[in-house]
Enquirer: 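First, the structure itself, so that you have it in front of you.
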Amino acid sequence: QLQLVESGGGLAQPGGSLRLSCSASGFTLANYAVGWFRQAPGKEREGVACISGAGDGSTKFIDSVKGRFTISRDNAKNSVYLQMNSLGFEDTARYHCAVDFAGYLCSIMPGHYDSWGQGTQVTVSS
């Protein structure tokens with residue numbers, strides 16, 4: 001059974017950090033592009049970051065998180081991580097990871113992705 005499970009969300013203060021994990025089961029995550037997306041109440045889902053698969057490793061970020069967020073893989077753990085630093089109120093959202101089974105080059109457009117996790121909530125509050 002193919003499954004993606006996110007973890008690592010929670011409450012952070014402005015300027016703080018969180019690391020989100022996306023763990024896969026039933027398939028090899030390293031072969032595919034993985035994206036992180038977020039959706040805040042009343043807002044559309046937006047792509048935050050992505051990392052290409054199949055050894056490519058290229059990454060993309062939306063402008064608002066460049067220099068603050070990084071994305072990485074641990075193939076031994078069949079996981080992808082989103083390290084979020086210098087968090088601001090605007091980062092509050094539910095974060096989901098997703099996999100593109102059709103290709104390995106990543107995109108931050110949600111329509112490219114086939115399989116989604118349930119998400120993990122990130123709340124930035126003082």
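Just so it is clear, the model here is predicted, and its values are computed rather than measured.
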Enquirer: Compare every heavy atom of S86 with every heavy atom of S17, then report the nearest pair and how far apart it is.
Expert: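 In this case the closest contact between S17 and S86 is OG-N, 4.4 Å.
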
Enquirer: Side-chain contact, heavy-atom cut-off 4.5 Å: F37 with Y113?
Expert: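 Answer yes - side chains close enough.
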
Enquirer: So if you build clusters from Ile, Leu, Val, Met, Phe, Trp, Tyr with side-chain heavy-atom gaps below 4.5 Å, do V80 and F101 land together?
Expert: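 Yes: a chain of side-chain contacts under 4.5 Å links V80 to F101.
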
Enquirer: Evaluate R38 against L20 for side-chain contact (heavy atoms from CB on, under 4.5 Å), listing each step before the verdict.
Expert: CA-CA 12 Å; R38 65 186 180 188; L20 305 185; over 6 Å; no

Enquirer: Within this structure, what is the OG-CG distance for the pair S115 and D100, rounded to the nearest 0.5 Å?
Expert: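 Separation between the atoms: 11.0 Å.
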
Enquirer: Specify the closest pair of heavy atoms between N78 and A30, including all atoms of both residues, with the distance to one decimal.
Expert: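 Heavy atoms of N78 and A30 come nearest at OD1-N, 4.3 Å.
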
Enquirer: When you measure from the side chain of S79 to the backbone N and O of K77, does any donor-acceptor pair fall under 3.5 Å?
Expert: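 Yes.
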
Enquirer: Supply the atom-to-atom distance Q121 CD to L11 CG, rounded to the nearest 0.5 angstrom.
Expert: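 Interatomic distance, Q121 CD to L11 CG, rounded to 0.5 Å: 10.0 Å.
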
Enquirer: How long is the span from the CD atom in Q118 to the CD atom in Q3, to the nearest 0.5 Å?
Expert: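 If we round to the nearest 0.5 Å, Q118:CD and Q3:CD are 8.5 Å apart.
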
Enquirer: With the 4.5 Å side-chain cut-off for hydrophobic clustering, are V48 and V122 part of the same group?
Expert: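 Yes, it is one cluster - the side chains of V48 and V122 are joined through contacts under 4.5 Å.
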
Enquirer: Identify the heavy atoms of A40 and A93 that sit nearest to each other, and give their distance.
Expert: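 Scanning both residues completely, I find the closest heavy atoms to be N-CB, 3.9 Å.
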
Enquirer: Would you compute the distance between atom CD of E46 and atom CD of Q39 and round it to the nearest 0.5 angstrom?
Expert: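 If I round to the nearest 0.5 Å, the distance is 9.5 Å.
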
Enquirer: Check whether S126 reaches the backbone of Q13 with its side chain - one donor and one acceptor, N or O, closer than 3.5 Å.
Expert: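 No: the side chain of S126 does not pair with the backbone of Q13.
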
Enquirer: To the nearest 0.5 Å, tell me how far L18 CG sits from Q83 CD.
Expert: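 Atom-to-atom, L18:CG and Q83:CD are 8.5 Å apart.
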
Enquirer: Measure the shortest side-chain to side-chain distance between R73 and V34 over non-hydrogen atoms and say whether it is less than 4.5 angstrom.
Expert: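 Answer yes - side chains close enough.
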
Enquirer: Without swapping roles, check the side chain of E6 against the backbone of T120 for a donor-acceptor pair under 3.5 Å.
Expert: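 Checking the backbone N and O of T120 against the side chain of E6, no donor-acceptor pair under 3.5 Å is found.
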
Enquirer: Heavy atoms, side chains only, cut-off 4.5 Å: are M84 and V124 in contact?
Expert: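 Heavy-atom side-chain distance check fails, nothing below 4.5 Å.
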
Enquirer: Just wondering, are more than 12 heavy atoms of other shown residues or ligands nearer than 6.0 Å to OH in Y81?
Expert: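 Above 12, so yes.
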
Enquirer: Please set out all donor-acceptor pairs under 3.5 angstrom arising from side-chain atoms of residues 55-63, sequence neighbours excluded.
Expert:
residue	atom	partner	partner atom	Å
D56	OD1	S58	N	2.9
D56	OD1	S58	OG	2.5
S58	OG	S52	OG	2.9
K60	NZ	C106	O	3.1
D63	OD1	K66	NZ	3.0

Enquirer: Any idea how F69 and Y95 line up, ring-wise: parallel (<30°), tilted (30 to 60°), or perpendicular (>60°)?
Expert: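 If you compare the ring of F69 with that of Y95, the planes turn out tilted.
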
Enquirer: R94 side chain to G119 main-chain N or O, any donor-acceptor pair under 3.5 Å?
Expert: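 Present.
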
Enquirer: Can you find a heavy atom in the side chain of W116 that is under 4.5 Å from one in the side chain of R45?
Expert: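 Yes, at least one pair of side-chain atoms sits under 4.5 Å.
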
Enquirer: Determine whether V5 and L29 fall in the same hydrophobic cluster, where Ile, Leu, Val, Met, Phe, Trp and Tyr are linked whenever their side-chain heavy atoms lie under 4.5 Å apart.
Expert: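 No, V5 does not connect to L29 through the hydrophobic network.
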
Enquirer: Looking at OG1 of T28 and CG of N75, how far apart are the two atoms once the value is rounded to the nearest 0.5 Å?
Expert: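 One finds 9.0 Å between OG1 of T28 and CG of N75.
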
Enquirer: Minimum heavy-atom separation for L4 and C22, please, with both atom names.
Expert: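 So the minimum-distance heavy-atom pair works out to CD2-SG, 3.8 Å.
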
